[in-house]
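Following: one structure in structure tokens, then a few remarks.
In what follows, chains are A, B, ... by sequence order, proteins preceding strands, each numbered from 1.
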Amino acid sequence: MQDQDLIPHLFRTEHRKMISVLCKRFGMENIQVAEDIVSDTFLLAAESWGLKGMPNNPTAWLYAISKNKAKDVFKHLAVFTNKIAPKLHQDAAENQPLEIDWSLKNIHDSQLTMMFAICHSSISTEAQIGLSLNLLCGFGVDEIADAFLSNRETIYKRLSRAKEKLKAEKVKIELPSGSEINQRLDRVMTTLYLLFSEGYYSTSQNQTLRKELCIEAMRLTLMLIDDPRTDLPAANALLSLMCFHSSRFDARINALGDLILYEEQDEKLWNNELIGKGQYYLNRSSRGSEISKYHLEAAIA
Amino acid sequence: MNEFLLIFRRETRKEDNIPPSPEQIQAMMKPWQDWLAVLSAKDHLVSSGNQLAHEGKVIKPNNLVTNGPYVEIKEAIGGYIIIQAVSIEAAAELSKDCPILSVGGSVEVRQIVPMD
């Protein structure tokens, strides 16, 4: 990998993991703190790596630094809290040794539960998509603004308000229990579906960005399927639908960026691997008797 | 030639600022590499120093140990390098290109007392 791509690449893959893990550990009310810690860690990386060269394992470096920062920040917060509100003394966990679990399992778990937290009913669908992009896909304010054909101030305010709301509602970062999981999963899938559509049908001129939106939507859906608790037929059908659609990504747009109708598309440009995957997930989705709208749409696609 | 310690201090990001994008962060790395490369090419660089973690303790007489200085305090030292130059003026001149200045930080230049 080229050096100049390294930080953006790490940002894409690690930002969301670090945010999810920290938020799960410290609660949604500290989302701003978590974001600041991650942001500061990346800033320090730019300076430190510029001066001293690359660490052997950049990801481990990021995890270790953000953990130390978290330790520092929360220790300080605890002192502050104890001084201004002695009653909170017992609640402040300042004396517990702070451990942050960077195991693959916890990283995966944190992202999955974060997905459910974001899709809480207290915030609008628009904001849910924005937050998903921001927190789970590592998209910056500018990119989200571009995807929504909006300006960065509007998006920034929308994201901030949504985060405030999640804080105020004290949304728990956890997987809902048994019966509720289906209901919440519906919202999660709607958001993922819209996220995908945003990329597939959006009017944004930025082709790379649109493709990335689709890829991110598929990645998050795959995450649902990877977990036995959320590996439900409807989720498989949704991923199948996304695979079928994206298999035609290259065929549906000509060199001028105009749309080409299905009948006129060059079938050689269809991506057979994705078609195969689509069929695979469609088959998996046929377990059980439940038929979702995604089943029907996938079958048509 | 005398040796000088350059101490970097950086203010933390203001809370309501929009965080920088990954591309912007990546772009911040280059000036550091370039600045060090120039210092090194002109044989000014003695040591590329170290970055310091935020956590710290201060030890005072009578076994008094306090935590800090905390990151919010502007005086917290973020890192240092050692360069060589003919005079403190020349060292200060070399520090004017330090990338920390473009993000609201500062550089303190201190001559290291020679032992011979």
Exercise. Please indicate whether Arg219(A) has more than 12 foreign heavy atoms, meaning atoms of other residues, nucleotides or ligands, lying under 6.0 Å from its CZ.
Key: yes
Quiz item: CE/Met54(A) to CE/Met29(B) distance, rounded to the nearest 0.5 angstrom?
Solution: 3.0 Å
Exercise. Considering only heavy atoms, give the residues of residues 79-99 of chain B separated from chain A by less than 4.5 Å, sorted numerically, with 'none' for an empty result.
Key: Ile81(B)
Quiz item: More than 12 heavy atoms of other residues, nucleotides or ligands under 6.0 Å from NZ of Lys167(A): is that the case?
Solution: yes
Self-check item: Separation between CE of Met28(B) and CG of Leu44(A), rounded to the nearest 0.5 Å
Solution: 10.0 Å
Practice problem: Tell me, yes or no, whether the heavy-atom count around Glu108(B) atom CD, taken from other residues, nucleotides or ligands under 6.0 Å, exceeds 12. | Solution: yes
Practice problem: Apply side chain to side chain contact (heavy atoms under 4.5 Å, CB included) to Leu51(A) and Gln33(B), showing your working. | Solution: CA-CA 6 Å; Leu51(A) 272 169; Gln33(B) 291 170 325; over 6 Å; no
Quiz item: If contact means a heavy atom pair closer than 4.5 Å, which residues of residues 41-52 of chain B contact chain A?
Solution: Ser48(B), Gly49(B), Asn50(B), Gln51(B)
Quiz prompt | Under 4.5 Å from a heavy atom of chain A, the part of Ile25(B) involved | solution = both
Exercise. Answer yes or no: does atom CG of Leu104(A) have more than 12 heavy-atom neighbours from other residues, nucleotides or ligands under 6.0 Å?
Key: no
